[in-house]
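Before any comments, here is the structure.
When reading the values below, keep in mind they use all heavy atoms of this one structure, side chains included, and skip hydrogens, waters and symmetry mates. What you see is a predicted model; the values in this text were computed from it and never measured.
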Amino acid sequence: HDVALQNLPVIFCLDRGGLVGEDGATHHGVFDIAYLGCVPNMIVATPSDEWELRNMMFTALQSDVPFAIRYPRGTGRGTEWRNMPFESIEVGKAREVREGRDVAVFAFGTMCVDAEQAAEQAKVIGVSAAVYDMRFAKPLDKELILDVAHKVKRIVTIEDGIIRGGAGESVVKLLNDNGISTQVTTLGIDDKFVEHGSVAELRHICGYDT
């Protein structure tokens with residue numbers, strides 16, 4: 001609160017974003033998008049892999065504003081980053097990682113990997129699914145979201161965190177504020193505590209695995 005009120009250049013590194021597995025309800029980092037997203041002046045970054053995380057930190061150092069970066073416990077998808085040059089990322093800008101015409105999946109953080117796998121599986125039943133790595137839970141890429149919403153029949157948002165007050169609800173509000181009635185399904189964790197189990201098991205129970 002004090003950092004955001006003064007708009008200070010402080011970087012918050014949240015190293016257990018999302019479900020953490022066997023540590024249980026006391027240790028899951030599932031509330032951060034919701035409680036940080038409501039704070040003025042706060043940027044909330046959700047990198048999808050190691051390469052994005054590295055560049056998010058590089059970007060944060062240059063941003064001179066409150067900047068939170070959330071990433072999971074454990075390993076990423078194995079993206080090479082050690083010998084790559086640093087790159088700045090435009091704050092609030094998403095990127096398309098897969099084209100599709102029927103459904104658009106707005107994925108936040110590491111859920112982008114699952115979204116890509118699900119989109120590949122959807123081809124079997126004749127569904128063409130686009131996938132977008134949203135990169136930021138706040139600010140959202142409003143221009144991209146509104147543009148995509150006019151092109152597809154359905155939107156799915158997916159985040160490794162609580163739905164109430166999360167990024168998916170922000171997408172729904174944006175569409176509603178602009179009079180867009182495209183159907184939206186928000187995937188994440190319901191308004192409850194999640195107990196012990198592997199991350200894979202818990203995502204399945206919560207209804208947002210691949």
How long is the gap from [atom1] on [X] to [atom2] on [Y], to the nearest 0.5 Å?
| X | Y | atom1 | atom2 | value |
| --- | --- | --- | --- | --- |
| Thr46 | Asp32 | OG1 | CG | 10.0 Å |
| Asp141 | Lys93 | CG | NZ | 4.5 Å |
| Ile180 | Leu174 | CD1 | CG | 7.0 Å |
| Thr110 | Ile158 | OG1 | CD1 | 9.0 Å |
| Leu8 | Asp64 | CG | CG | 9.5 Å |
| Met134 | Leu140 | CE | CG | 6.0 Å |

Give a yes or no on whether [X] and [Y] share a hydrophobic cluster (residues Ile, Leu, Val, Met, Phe, Trp, Tyr; joining criterion: side-chain heavy atoms under 4.5 Å apart).
| X | Y | value |
| --- | --- | --- |
| Phe106 | Val103 | no |
| Phe12 | Phe31 | yes |
| Val30 | Ile205 | yes |
| Val199 | Tyr208 | no |
| Phe136 | Phe108 | no |

Using modelled atom types and a 3.5 Å cut-off, is there a donor and acceptor pairing between side-chain atoms of [X] and backbone atoms of [Y]?
| X | Y | answer |
| --- | --- | --- |
| Asp147 | Glu143 | no |
| Arg73 | Gly21 | no |
| Arg54 | Met84 | yes |
| Glu52 | Ser48 | no |
| His28 | Glu195 | yes |
| Glu201 | Gly197 | no |
| Ser128 | Arg101 | yes |
| Asn41 | Asn7 | no |
| Lys138 | Val44 | no |
| Asn55 | Glu87 | yes |

Under-4.0 Å salt bridge between Asp160 and Arg203: yes

N-O pairing of Glu90 and Arg135 below 4.0 Å: no

All side chain to side chain donor-acceptor pair (under 3.5 Å) counterparts of Thr210, not counting sequence neighbours: Asp114, Gln117

Pairing residues for Asn83 by the side chain to side chain donor-acceptor pair (under 3.5 Å) criterion, not counting sequence neighbours: none

Met56 and Ile89: CA distance, side-chain angles, deciding distance, side-chain contact (heavy atoms from CB on, under 4.5 Å) verdict: CA-CA 7 Å; Met56 287 290 188; Ile89 296 172; 4.0 Å; yes

Quick check: closest heavy atoms across [X] and [Y], and the distance to 0.1 Å?
| X | Y | answer |
| --- | --- | --- |
| Phe67 | Ala45 | CE2-CB, 3.7 Å |
| Gly166 | Ala34 | N-CB, 4.4 Å |
| Leu144 | Ala94 | CD1-CB, 4.2 Å |
| Ile69 | Ala60 | CD1-CB, 4.1 Å |
| Leu146 | His150 | O-ND1, 2.8 Å |
| Gly168 | Thr157 | CA-OG1, 3.4 Å |

Within the 4.5 Å heavy-atom criterion, are [X] and [Y] side-chain neighbours or not?
| X | Y | value |
| --- | --- | --- |
| Cys206 | Val194 | yes |
| Val171 | Ile145 | yes |
| Val91 | Thr59 | yes |
| Val131 | Cys112 | yes |
| Cys13 | Met57 | yes |
| Leu19 | Ile189 | yes |
| Val113 | Asp49 | no |
| Glu159 | Leu187 | no |

Whether Phe86 and Phe58 hold their rings parallel, tilted or perpendicular, with breakpoints at 30° and 60°: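 Correct class here is parallel.
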
Exercise: do Gln62 and Ser88 side chains pair donor with acceptor under 3.5 Å: yes

Stepwise side-chain contact (heavy atoms from CB on, under 4.5 Å) check, Tyr71 with Asp15: CA-CA 5 Å; Tyr71 47 95; Asp15 69 348; 3.4 Å; yes

Trace of the side-chain hydrogen bond (donor to acceptor under 3.5 Å, both in side chains) decision for Thr186 with Glu169: CA-CA 7 Å; Thr186 55; Glu169 284 197 350; over 6 Å; no

Evaluation steps, side-chain contact (heavy atoms from CB on, under 4.5 Å), between Ile155 and Leu175: CA-CA 11 Å; Ile155 290 171; Leu175 298 179; 3.9 Å; yes

From CA spacing to verdict: side-chain contact (heavy atoms from CB on, under 4.5 Å), Leu61, Ile11: CA-CA 8 Å; Leu61 285 167; Ile11 302 171; 3.8 Å; yes

